[in-house]
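A quick write-up on the structure given underneath.
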Amino acid sequence: DVQLQACGGGLVQAGGSLRLSCAASGFPSDDYAIAWVRQAPGKGREGVACITTHDGSTYYGDSVKGRFTISIDIAKNTVFLENNSLKPEDTAVYYCAAGWWSSVVSAIIQGRPDDMGYWGKGTLVTVSS
C-alpha cells in the first residue's frame with residue numbers, strides 16, 4: 001500500500017522559511033509523482049508543487065513560484081518542500097499526495113488538486129504577520 005507521511009509544519013514569522021518533508025513508500029513502480037497540496041482555513045485545496053519520481057521534473061502552482069522549492073531524495077524515498085519568503089496567506093494545512101505522474105502533473109498545472117490518487121495526513125503551517 002502507498003503510504004505518505006508529512007511533517008515539518010509549525011509557526012513562523014512572515015519572511016521566514018520552513019522545510020516540509022514527506023516520507024513515501026509502497027509505490028509499485030517509479031512512474032509516480034509526489035505533490036504538495038494545501039488548504040487554507042475556509043478555502044478549497046490548492047496545488048502547490050509536484051515532482052516526478054522517474055526524472056525529477058518539477059512543477060509549481062503560480063502562487064508559490066520563485067518562493068518554494070520541491071526536491072526528492074530517492075535513496076530515502078523522501079520529498080522536501082522548501083518554503084521561503086513565507087507570507088501570512090501561505091498559512092494552511094499542507095498535504096502530501098501522489099499518483100500516476102501524468103495525472104499529478106496535470107492536476108498541478110491545470111489547478112485540479114483534488115485529482116490525486118493517494119493522500120497523506122497534513123501538517124499545519126502558520127505564518128504570522
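Position 1 is the first residue of the sequence, and the numbers go up from there.
Cluster annotation: F68 and L20 are assigned to the same hydrophobic cluster (Ile/Leu/Val/Met/Phe/Trp/Tyr, side-chain heavy-atom contacts under 4.5 Å, transitive). When hydrophobic clusters are built by joining Ile, Leu, Val, Met, Phe, Trp and Tyr residues whose side-chain heavy atoms come closer than 4.5 Å, directly or via intermediates, Y94 is grouped together with I72. The cluster map of Ile, Leu, Val, Met, Phe, Trp and Tyr, joined by side-chain heavy atoms under 4.5 Å apart, puts I70 and V64 in the same cluster. The hydrophobic clustering, which links ILVMFWY residues whose side-chain heavy atoms are closer than 4.5 Å, places V127 and V93 apart. At a threshold of 4.5 Å between side-chain heavy atoms, the hydrophobic network of Ile, Leu, Val, Met, Phe, Trp and Tyr places V37 and Y60 in two separate groups.
Aromatic ring orientation, Y95 versus W119: perpendicular (interplanar angle above 60°, classes split at 30° and 60°). Taking the six-membered ring where tryptophan is involved, the planes of Y32 and F27 are tilted, since the angle between them lies from 30° to 60°.
Within a 6.0 Å sphere centred on CD of E82, other residues, nucleotides and ligands contribute more than 12 heavy atoms. Under a cut-off of 6.0 angstrom, the local environment of CD in Q3 is sparse, with at most 12 non-hydrogen atoms contributed by other residues, nucleotides or ligands. At most 12 non-hydrogen atoms from other residues, nucleotides or ligands lie less than 6.0 angstrom from CD of Q13.
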Determine whether C50 and W36 satisfy the following criterion, side-chain contact (heavy atoms from CB on, under 4.5 Å), listing intermediate values before the conclusion. CA-CA 6 Å; C50 71; W36 288 96; over 6 Å; no

Could you walk me through whether K65 and D62 pass the salt bridge (Lys or Arg N to Asp or Glu O under 4.0 Å) check? CA-CA 5 Å; K65 284 180 180 177; D62 289 341; 3.1 Å; yes

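When side chains are defined from C-beta on, T53 does not count as touching W101, because their heavy atoms never get closer than 4.5 Å. Between L81 and R38, every side-chain heavy-atom pair lies at or beyond the 4.5 Å cut-off. Inter-residue side-chain proximity for K76 and S21 is flagged as unmet; no heavy-atom pair is nearer than 4.5 Å. Using a 4.5 Å cut-off on side-chain heavy atoms (C-beta onward), V104 and M116 make contact.
Note that CZ of R112 and CZ of R45 are 14.0 Å apart. Values are rounded to the nearest 0.5 Å. A distance of 7.5 Å separates OG1 in T91 from CG in L124, rounded to the nearest 0.5 Å. Interatomic distance, S17 OG to R67 CZ, rounded to the nearest 0.5 Å: 10.5 Å. Annotation: the span from T52 atom OG1 to W100 atom CH2 amounts to 11.5 Å, rounded to 0.5 Å. Here N84 contributes atom CG and D90 contributes atom CG; the two are 10.5 Å apart, rounded to the nearest 0.5 Å. Distance check: I34 CD1 to C22 SG gives 5.5 Å after rounding to the nearest 0.5 Å.
Across every non-hydrogen atom of A14 and S129, the tightest pair is CB-CA, 4.3 Å. Residues G47 and I108 come closest through the heavy atom pair CA-CD1, 3.7 Å. Across S63 and E46, no two heavy atoms sit closer than the pair OG-OE2, 2.5 Å. Among all heavy-atom pairs drawn from A23 and T78, the shortest one is CA-OG1, 4.2 Å.
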